[in-house]
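Heads up: the structure comes next, in structure tokens.
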Amino acid sequence: MKVLPKKFFERDPALVAKELLGKILVRKLNSKILAGKIVETEAYYGKEDPASRASSGRPKYCVKLLHDDPGKILVYMVHGNWLFNIIAHEKRKVGAVLIRALEPLRGIEEMKKNRKVKKIFDLTNGPGKLTKALKIDKRFNGISVTDKNGEILIVEGKKEKFEIASSHRIGVTKDLKRKLRFYVKGNRFVSR
DNA sequence: AGGAAGATCTACT
DNA sequence: GTAGATCTTCCTA
């Protein structure tokens with residue numbers, strides 16, 4: 001299992017979001033390992049992006065972390081759900097990638113317990129759901145996913161072919177014109 | 001104190 | 001499929 005290097009995240013958020021599809025998100029929980037394939041992401045920019053947490057009226061730690069080093073985790077609460085982001089941007093720019101959906105691979109029973117649902121398709125097919133399934137919350141703010149010994153990291157997935165589709169972002173009141181949501185076409189774990 | 005926020009659950013047309 | 005209540009911080013007044 002190869003952990004993604006920090007360099008991976010030092011690029012344009014939209015590019016990182018796209019390439020994150022098919023990668024594996026690993027969550028170490030005590031001795032157990034929960035893992036899922038990333039099947040849906042969204043890119044967010046700095047204050048020029050009205051939906052970004054860098055725009056005014058957002059929690060200040062969000063603003064701070066968005067300017068921070070790529071590869072760090074940003075978690076923040078909205079509508080009673082924790083949303084899991086990874087900082088990603090070119091040098092001296094601002095941005096992040098939101099992980100919207102996973103396809104569960106390991107520790108599925110554990111995820112079911114955390115989510116209290118039976119259907120596997122309801123486990124991680126939404127940003128608020130996957131954080132519950134993986135027990136991710138505010139504590140992880142500022143921790144880097146490129147740290148091998150960390151509790152959360154991202155590794156290379158299998159080499160497989162899949163089609164990437166894009167659309168406008170979901171739930172955003174003021175979106176940009178660009179399509180910044182990316183997902184694996186035909187995958188059942190993609191939300192909606 | 002008030003309100004808004006990258007959502008989710010439930011209960012229906 | 002859509003509609004509404006409810007969700008938990010954090011910002012601004």
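Note on naming: letters A, B, ... go to the chains in the order of the sequence lines (proteins, then strands), and numbering restarts at 1 for each one.
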Does A:E42 pair with A:R169 as a salt bridge, N-O distance under 4.0 Å?
-> no

Which part of the nucleic acid, if any, lies within reach of A:R181 when heavy atoms closer than 4.0 Å are counted: base, sugar-phosphate only, or nothing?
-> nothing

Touch class at under 4.0 angstrom, heavy-atom based, for A:I170 against every strand present | sugar-phosphate

Count the heavy atoms of every other residue, nucleotide or ligand shown that sit under 6.0 Å from [atom1] of [X], and state whether that count exceeds 12.
X     : atom1 : value
A:R11 : CZ    : yes
A:K93 : NZ    : no
A:K18 : NZ    : no

When the nearest nucleotide of DNA chain B is assigned to A:V117 and to A:T173 on a heavy-atom basis, which residue is associated with the more 5' position?
-> A:T173

Without decimals, in angstroms, what is the distance between [X] [atom1] and [N] [atom2]?
X      : N     : atom1 : atom2 : result
A:E42  : B:dA7 : CD    : C1'   : 12 Å
A:L130 : B:dT8 : CG    : C1'   : 13 Å
A:I99  : B:dA7 : CD1   : C1'   : 17 Å
A:R192 : C:dG1 : CZ    : C1'   : 10 Å
A:L98  : B:dA5 : CG    : P     : 16 Å

Distances under 3.5 Å between protein N/O atoms and the N/O atoms of nucleotides 11-13 of chain B, please, pair by pair.
none

Any A:R115 side-chain N or O less than 4.0 Å from OP1/OP2 of B:dC9 | yes

OP1 or OP2 of B:dC9 sitting under 4.0 Å from any side-chain N/O of A:K129?
-> yes

Provide the Watson-Crick or G-U wobble partner of C:dA3, both distances under 3.5 Å; none if there is no partner.
-> B:dT10

Between the protein and nucleotides 7-13 of chain C, which nitrogen or oxygen pairs come in under 3.5 angstrom?
from	atom 1	to	atom 2	distance (Å)
C:dC7	O2	A:H79	O	3.3
C:dC10	OP1	A:K138	NZ	2.4
C:dC11	OP1	A:K60	N	2.6

Hydrophobic cluster membership, A:V75 vs A:L134, 4.5 Å side-chain cutoff = yes

A:S167: which of A:R181, A:K179, A:R192 passes side-chain hydrogen bond (donor to acceptor under 3.5 Å, both in side chains) | A:R181

Candidate list A:N114, A:N81, A:T124, A:D137, test side-chain hydrogen bond (donor to acceptor under 3.5 Å, both in side chains), partner A:K132, passing option = A:N81

Cut-off 3.5 Å, side chains only: do A:D12 and A:Y45 have a donor facing an acceptor?
-> yes

Below 3.5 Å, can you tabulate the donor-acceptor pairs from side chains in residues 153-162 of chain A to any protein atom, sequence neighbours excluded?
from	atom 1	to	atom 2	distance (Å)
A:E160	OE2	A:K37	NZ	3.0

